[in-house]
Amino acid sequence: MSWLKQMKGDAYIGYRAIVVHPLKKLVSQDGRTGKQRFLDNYATEGLVPTGDEDQHALLAASRCINCGLCDFHDLVLGTVPRHQYSGMSLFPVAYTRWTSDLARLSKAVHEVTDDALAAGEAVCPTRVPLRILAAYVRRKTGEVAKAMSP
Ligand code: SF4
């Protein structure tokens with residue numbers, strides 16, 4: 001009777017959406033927006049919300065197959081300790097996905113030049129737009145710094 005289980009699950013979700021949620025909103029004294037509530041809960045951990053404007057960059061990041069070819073063009077790798085920065089290949093596979101690390105990376109992500117990123121893009125087999133991702137990460141780094149400041 002898996003269909004009955006499914007129906008019960010759907011009915012419960014519908015009940016929550018149509019009855020419980022609107023009633024909770026009606027009696028709630030909390031005037032904060034969803035974004036503000038998110039920031040109040042998670043900003044201290046370096047987590048910032050993603051918006052519609054972030055979708056393009058995040059979709060592009062998902063094309064990375066983590067081959068590491070672009071890292072050969074990353075001159076910052078030789079100048080920054082690995083625990084601070086591990087190469088431009090981490091823009092798509094890590095830095096775009098987890099903003100908690102951005103506070104400690106802020107110096108390195110600003111040092112990677114557009115020329116180096118362009119060279120990385122040129123050898124990328126899946127055409128990941130590293131310059132767009134670097135700009136995204138730099139913008140998010142600013143948002144994290146702002147959210148974490150008292
Ligand atoms: S070359 Fe492209 S696919 Fe390979 S790690 Fe770099 S961004 Fe990812």
Side-chain angles (χ1 to χ4, degrees), residues 2-3 5-10 12-14 16-18 20-21 24-25 28 30-150:
S2 68
W3 64 270
K5 258 187 178 175
Q6 177 74 40
M7 290 277 288
K8 274 172 69 176
D10 289 349
Y12 180 69
I13 290 169
R16 298 274 316 169
I18 295 168
V20 177
H21 219 63
K24 263 176 122 176
K25 253 185 149 174
S28 172
D30 192 349
R32 294 175 301 168
T33 61
K35 183 177 178 180
Q36 192 54 53
R37 285 203 307 273
F38 181 94
L39 284 169
D40 290 347
N41 284 324
Y42 300 112
T44 54
E45 297 171 31
L47 294 172
V48 291
T50 52
D52 293 341
E53 70 281 6
D54 300 327
Q55 271 187 7
H56 176 66
L58 294 174
L59 269 174
S62 71
R63 293 208 302 266
C64 177
I65 56 172
N66 203 13
C67 66
L69 285 174
C70 55
D71 287 335
F72 285 108
H73 297 277
D74 195 338
L75 300 178
V76 178
L77 259 179
T79 62
V80 177
R82 275 297 176 101
H83 69 275
Q84 285 181 5
Y85 175 73
S86 298
M88 67 172 78
S89 65
L90 292 192
F91 280 108
V93 297
Y95 304 152
T96 49
R97 298 166 192 228
W98 183 246
T99 58
S100 280
D101 281 339
L102 296 184
R104 84 182 157 80
L105 294 170
S106 63
K107 188 171 178 282
V109 297
H110 285 89
E111 284 180 7
V112 185
T113 64
D114 269 1
D115 285 347
L117 292 162
E121 285 175 9
V123 296
C124 177
T126 55
R127 303 230 178 272
V128 174
L130 290 163
R131 284 172 288 185
I132 289 174
L133 297 189
Y136 169 86
V137 168
R138 288 169 188 147
R139 178 166 55 81
K140 284 292 174 191
T141 303
E143 287 179 28
V144 168
K146 188 176 165 198
M148 291 179 84
S149 65

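Quick caveat, the model's predicted, so the values are computed rather than measured. As the structure lists them, so they are numbered: ligands from 1, and atoms in each ligand from 1.
- Looking at residues two or more places apart in sequence or on another chain, you find a side chain to side chain contact (heavy atoms under 4.5 Å, CB included) between Ser28 and Asp30.
- Protein heavy atom in closest approach to atom 3 (S) of ligand 1: Ile65 N, 3.4 Å.
- Take a cut-off of 2.8 Å around atom 6 (Fe) of ligand 1: the protein N, O or S atoms inside it are Cys70 SG.
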Walk me through whether Glu121 and Arg127 qualify under salt bridge (Lys or Arg N to Asp or Glu O under 4.0 Å).
CA-CA 6 Å; Glu121 285 175 9; Arg127 303 230 178 272; over 6 Å; no
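- You'll find the side chain of Cys70 reaches within 4.5 Å of the side chain of Leu130, heavy atoms only.
- Here the closest non-hydrogen pair linking Asp71 and Leu77 is O-CD1, 3.8 Å.
- You'll find the side chain of Val123 stays beyond 4.5 Å of the side chain of Phe72, heavy atoms only.
- Against a heavy-atom cut-off of under 4.0 Å, Thr126 is close to the following atoms of ligand 1: 3 (S).
- Here the CG atom belonging to Asp101 is positioned 13.5 Å from the OH atom belonging to Tyr85, to the nearest 0.5 angstrom.
- A salt bridge is defined here as a Lys NZ or Arg NE, NH1 or NH2 lying under 4.0 Å from an Asp or Glu carboxylate O, and Glu143 with Lys140 meets this definition.
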